[in-house]
Structure formats: C-alpha cells, structure tokens
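Written out below as structure tokens is the structure these notes cover.
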Amino acid sequence: MELATAIATAGKAIGAGLCMGIGAIGPGVGEGTAVAHALDGMARQPESAGTLRTTMILGCAIAETTGIYSLLIAFLILFAL
C-alpha cells in the first residue's frame, strides 16, 4: 500500500510540474511579443504611446490569466486529488 501511495504522489508532482511548465511558456512568449510590438509602435508614433500602453497592459493581463489557470490546476492536482 505504501508503494502505491508513493507512486501516486510522484505522479501528482510530475503532473503539476508539467502543468506549470507548459502553462507558463505561453503567457511568457505572448507577453514578450506584445510588449515588443507595443514598444515598436511607440517608437514609430510617439503620439499614440498612451493608447498603445493601455492596450498592451490589458492584453498582458488577459494573457496572464492562462498562467494563473495553470497554477490553479497544478494546485488542484497536488492537493485536491
């Protein structure tokens, strides 16, 4: 019985790690791309910096929700199952 519990615990840890590993790549790449393009737009048209900044921050906040969902699922895997 102890071996089965140890295997289940190891599976939970691996699953939660994969969930966060894969779930953190998308927001990182997405936010980096959004910021890079927003800065490029601000450099080309400085008068639109306020609008671009607001849109960039909103887009980054939406992109970050996938990372937060991944964290939530990882916690559920670790502690609720």
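Worth knowing before you read on, the calculation uses all heavy atoms, side chains too, and leaves out hydrogens, waters and symmetry mates.
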Query raised in the report: Do any pairs count as a side-chain hydrogen bond (donor to acceptor under 3.5 Å, both in side chains) and have a residue in residues 5-25, sequence neighbours left out, and if so which ones?
Result: none

Requested in this report: Could you work out the complete set of other residues in the hydrophobic cluster of Met20, with links drawn between I, L, V, M, F, W and Y side chains under 4.5 Å apart?
Outcome: Leu71, Phe75, Leu78, Phe79

Requested in this report: Return the set of residues passing side chain to side chain contact (heavy atoms under 4.5 Å, CB included) with Ala63 (not counting sequence neighbours), or none when no residue passes.
Outcome: Glu31

Query raised in the report: Under a single-linkage rule joining Ile, Leu, Val, Met, Phe, Trp and Tyr whose side-chain heavy atoms are separated by less than 4.5 Å, which residues share a cluster with Leu58?
Result: Ile62

Report summary line: Taken in chain and number order and not counting sequence neighbours, the residues that satisfy side chain to side chain contact (heavy atoms under 4.5 Å, CB included) with Ile73 are Cys19, Leu76, Ile77

Requested in this report: Output the rest of the hydrophobic cluster of Ile14: all Ile, Leu, Val, Met, Phe, Trp and Tyr residues reachable through side-chain heavy-atom contacts under 4.5 Å, sorted by chain and number.
Outcome: Leu18

Query - Pairs satisfying side-chain hydrogen bond (donor to acceptor under 3.5 Å, both in side chains), at least one member in residues 38-54, at least two apart - result: Asp40-Arg44

Query - Other ILVMFWY residues reachable from Met56 by side-chain steps of under 4.5 Å - result: Val35, Leu39, Met42, Leu52, Ile57

Requested in this report: Output every pair passing side-chain hydrogen bond (donor to acceptor under 3.5 Å, both in side chains) with a member in residues 59-79, not counting sequence neighbours, ordered by first then second residue.
Outcome: none

